[in-house]
Chemist: 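Dropping the structure in here first, questions after.
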Amino acid sequence: MIILGIDPGLVKTGYGLIEIINEKCKILDFGIITPNKKDTLSNRLNTIYTDISMIIDKYNPNIVSIEEVFFGKNVKSALLLGHARGASMLSASNKQIPVFEYSPRKIKQSVTGNGNAHKTQVKFMIMNLFNIKRLDCPEDATDALAIALCHLNQIKIEELWLNLLQENYLKS
């Protein structure tokens with residue numbers, strides 16, 4: 001199974017791909033998409049859509065996992081972030097790839113054990129878990145890997161619950 005994690009943004013969209021084979025997880029690729037800041041909104045969204053589509057074509061992920069919009073005090077920022085999410089989600093939808101959404105808090109909790117963790121803590125954990133040596137690894141890319149890993153952890157939790165339910169059902 002291959003999971004593409006996406007940390008959407010109009011300035012930087014992080015992406016991270018993990019592959020799971022025989023219970024082992026490894027990184028396939030990660031990085032950032034950086035549309036031209038001076039370009040129009042529609043052209044920036046097209047860059048995100050096109051680049052995510054190329055990544056999907058190259059790696060053929062089974063699942064896309066994306067961060068939900070965080071509603072802070074700035075409504076305009078949340079709205080613009082929603083556009084970037086939409087471009088990414090459309091790329092996946094056009095390839096019939098299921099998209100799963102997770103809150104920033106759930107992602108941080110899944111990777112660090114603390115839903116209020118700072119971006120640097122998420123980056124630290126991802127770099128340690130996957131033995132990444134690059135110190136210049138962008139936080140948007142490590143966030144995207146965390147989003148992919150969050151989905152994998154969610155699958156594992158669901159499998160544990162199903163196994164527990166089956167065991168209890170067989171006992172009764």
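Throughout, numbering of the chain's residues begins at 1 and tracks the sequence. This structure is a prediction, so every number in the text was calculated from the model and none was measured.
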Chemist: When rounded to the nearest 0.5 angstrom, what distance separates NE2 in His151 from CD1 in Ile107?
Modeler: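 With rounding to 0.5 Å, NE2 (His151) is 12.0 Å from CD1 (Ile107).
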Chemist: Are Ile27 and Ile32 connected in the hydrophobic side-chain network, where two residues link if heavy atoms are under 4.5 Å apart?
Modeler: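 No, separate clusters.
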Chemist: Quick one: CG on Asp29 to CD on Glu19, what's the gap to the nearest 0.5 Å?
Modeler: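 The distance works out to 12.0 Å.
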Chemist: Give a yes or no on whether Leu129 and Ile18 share a hydrophobic cluster (residues Ile, Leu, Val, Met, Phe, Trp, Tyr; joining criterion: side-chain heavy atoms under 4.5 Å apart).
Modeler: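 Same cluster: Leu129 reaches Ile18 through Ile, Leu, Val, Met, Phe, Trp or Tyr contacts under 4.5 Å.
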Chemist: Under the salt bridge (Lys or Arg N to Asp or Glu O under 4.0 Å) criterion, do Asp143 and Lys123 qualify, and how do the steps go?
Modeler: CA-CA 7 Å; Asp143 284 353; Lys123 181 177 181 176; over 6 Å; no
Chemist: Under 3.5 Å, is there a donor on one side chain and an acceptor on the other for Asn116 and Arg105?
Modeler: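 Side chains of Asn116 and Arg105: pair found under 3.5 Å.
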Chemist: Can you measure from CD1 (Ile126) to CG (Asn131) and round to the nearest 0.5 angstrom?
Modeler: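 It is 12.5 Å, given to the nearest 0.5 Å.
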Chemist: Flag the pair Pro138 / Lys12 as yes when at least one side-chain heavy-atom distance between them is below 4.5 Å, and no otherwise.
Modeler: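 Counting from C-beta outward, Pro138 and Lys12 never come under 4.5 Å.
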Chemist: Side chain of Asn22, backbone of Lys24: donor and acceptor closer than 3.5 Å?
Modeler: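 No.
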Chemist: Under a 4.5 Å cut-off applied to non-hydrogen side-chain atoms, are His118 and Val122 in contact?
Modeler: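 With C-beta onward as the side chain, the pair stays apart.
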Chemist: SG of Cys150 to NZ of Lys106: how many Å apart, nearest 0.5 Å?
Modeler: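 So the gap between those two atoms works out to 6.0 Å.
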Chemist: Does any non-hydrogen side-chain atom of Glu139 lie less than 4.5 Å from one of Thr120?
Modeler: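 SC-SC contact between Thr120 and Glu139 confirmed.
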Chemist: Where do Val11 and Lys37 come nearest, in terms of heavy atoms and distance?
Modeler: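 Of all heavy-atom pairs spanning Val11 and Lys37, the closest is CG1-CE, 3.7 Å.
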Chemist: Under the 3.5 angstrom rule, does the side chain of Ser65 hit a backbone N or O of Ile147 as a donor-acceptor pair?
Modeler: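 Yes, the answer is positive, given that a donor and an acceptor are paired below the 3.5 Å cut-off.
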Chemist: Any side-chain heavy atom of Gln154 within less than 4.5 Å of one from Phe100?
Modeler: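 A side-chain contact under 4.5 Å is absent here.
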Chemist: Short question: side chain of Lys108, backbone of Ala117 - any donor-acceptor pair under 3.5 Å?
Modeler: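 Yes.
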Chemist: Quick check: are there more than 12 heavy atoms from other residues, nucleotides or ligands sitting under 6.0 Å from NZ of Lys119?
Modeler: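 Count over threshold, so yes.
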Chemist: For the hydrophobic clusters of this structure (ILVMFWY residues joined by side-chain heavy atoms under 4.5 Å, transitively), does one cluster hold both Ile20 and Ile132?
Modeler: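 Yes, same cluster.
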Chemist: To the nearest 0.5 Å, what is the distance between CG (Asn43) and CG (Asn36)?
Modeler: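 Between Asn43 CG and Asn36 CG, I get 9.0 Å after rounding to 0.5 Å.
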Chemist: Do the side chains of Glu101 and Arg85 get close enough for a salt bridge, i.e. N-O under 4.0 angstrom?
Modeler: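 So Glu101 pairs with Arg85 through a salt bridge.
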Chemist: Got a sec, which hydrophobics cluster with Leu41, joining ILVMFWY side chains under 4.5 Å apart, including via others?
Modeler: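 Noted: Leu41 shares its cluster with Ile2, Leu4, Ile6, Leu10, Tyr15, Leu17, Leu28, Ile33, Leu45, Ile48, Ile52, Ile55, Ile56, Tyr59, Val64, Ile66, Leu80, Met89, Ile97, Val99.
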Chemist: Main chain of Gln109, side chain of Thr112: is a donor-acceptor contact present, judged purely on distance under 3.5 Å?
Modeler: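 No, the answer is negative, given that no donor and acceptor are paired below the 3.5 Å cut-off.
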Chemist: Taking everything shown except Phe124 itself, do over 12 heavy atoms lie less than 6.0 Å from its CZ?
Modeler: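 No, the 6.0 Å shell around CZ holds no more than 12 heavy atoms from other groups.
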Chemist: Measuring from atom CD of Glu67 to atom OH of Tyr102, what distance do you get when rounded to the nearest 0.5 angstrom?
Modeler: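 If we round to the nearest 0.5 Å, Glu67:CD and Tyr102:OH are 13.0 Å apart.
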Chemist: Less than 4.5 Å apart, side chain to side chain, heavy atoms only: is that true for Leu152 and Ile3?
Modeler: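 A side-chain contact exists here, since the closest heavy-atom pair is under 4.5 Å.
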Chemist: Check Gly16 against Ala144 and note the closest heavy-atom contact, atom names and distance.
Modeler: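 Shortest heavy-atom separation between Gly16 and Ala144 comes out as N-CB, 3.4 Å.
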Chemist: Under a 4.0 Å N-O cut-off, is there an ion pair linking Lys95 with Asp57?
Modeler: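 So Lys95 pairs with Asp57 through a salt bridge.
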Chemist: Between the side chain of Thr50 and the main-chain N/O of Asn46, is any donor-acceptor distance below 3.5 Å?
Modeler: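 The answer is yes, because a donor-acceptor pair under 3.5 Å joins these two groups.
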Chemist: Who passes side-chain hydrogen bond (donor to acceptor under 3.5 Å, both in side chains) against Asn94, sequence neighbours left out?
Modeler: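 Listed in chain order: Tyr49.
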